[in-house]
Amino acid sequence: MPPEENFFTKVFQVCKQIPRGKVTSYGAIAKAIGSPQSARMVGWAMNKSFSFKESIPAHRVVNRIGMLSGKKAFGDPKLMQQLLEQEGIPVKDDQVQDFQKYYWEPDGIL
DNA sequence: CACTTGACGTCGT
DNA sequence: GACGACGCCAAGT
C-alpha cells in the first residue's frame, strides 16, 4: 500500500480550484493540503499529473517568484507560457508579470 | 538497500 | 535586495 493517493487528490483538487486567469505557488498549495514544507512534493505531483486521468491545469501553478519552473514538463516549454497568456496572464522571460496581482491563495481543503 | 535528483521554500550572509 | 547553503519528502536508478 503504497502511498496515499489522497496526497495527489488534494493537490489536484486545489489545482482545479484555481480560477482562470489566476496563478498560485507550490508552497501555497502545500500549505493548503497540510504539508507546508512539502512544496517540492506538490511540484512532483504536478509532473505526475500529466499521467493522471483527469486534466490538471498545472500551468496555473508556479513557484513563489512566479517563474515557470516546470514549463519543460509540458513537452514544449512554450506551451505553459502560451496557456498562461491565453488565460490573460502576461508572461515574460518565463516569469509571470504582476505575479502578486494574479496570485491566488488556494482554500485549505482541510 | 543507499545515493541522487527534483515543477520549492526559508534562513543566513 | 541578491546570492548561497540547508532542509523536506518521495521517486527513480
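Just so we're on the same page: letters track the sequence lines, and every chain starts at 1.
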To the nearest Å, how far apart are W44(A) CH2 and dT5(B) C1'?
13 Å
Tell me which nucleotide, if any, is Watson-Crick or G-U wobble paired with dT13(C) when both distances must be under 3.5 Å.
dA2(B)
In whole angstrom, give the distance that lies between atom CD1 of I65(A) and atom C1' of dT10(B).
14 Å
Atom-to-atom span, NZ of K10(A) to P of dC9(C) - whole angstrom:
14 Å
Could you tell me how far apart M46(A) (CE) and dG6(B) (C1') are, to the nearest whole angstrom?
15 Å
Atom-pair distance (CG on L68(A); P on dG6(B)), nearest Å:
18 Å
Using only atom types and a distance under 3.5 Å, with no angle test, would you say the side chain of N63(A) pairs donor to acceptor with the backbone of G66(A)?
yes
Rounded to the nearest angstrom, tell me the gap between atom CG in L83(A) and atom C1' in dA7(B).
15 Å
Select base, sugar-phosphate, or nothing to describe what N63(A) touches, counting heavy atoms under 4.0 Å on all strands.
sugar-phosphate
When the distance from NE2 of H59(A) to P of dA7(B) is rounded to whole Å, what number comes out?
19 Å
Under the criterion salt bridge (charged side-chain N to carboxylate O under 4.0 Å, His left out), which of K78(A), K71(A), K72(A) is the partner of D94(A)?
K71(A)
With hydrophobic residues grouped by side-chain heavy-atom distances under 4.5 Å, do V61(A) and V96(A) end up in a single group?
no
Looking only at heavy atoms, the pair that brings R64(A) and F99(A) closest together is O-CE2, 3.1 Å
Residues from residues 24-40 of chain A sitting under 4.0 Å of DNA chain B, heavy atoms only?
S25(A), Y26(A), G27(A), A39(A), R40(A)
Quickly work out the K72(A) NZ to dC8(B) C1' distance and round it to whole Å.
18 Å
Check: V23(A) main-chain N/O paired with R60(A) side-chain donor or acceptor under 3.5 Å
no
Decide whether W104(A) and I109(A) are clustered together by the hydrophobic rule: side chain heavy atoms of Ile, Leu, Val, Met, Phe, Trp, Tyr closer than 4.5 Å, transitively.
yes
To the nearest 0.5 Å, what is the distance between CD on E87(A) and NE2 on H59(A)?
3.5 Å
Mind checking K48(A) for me? I need base, sugar-phosphate or nothing, with any heavy atom below 4.0 Å counting as a touch.
sugar-phosphate
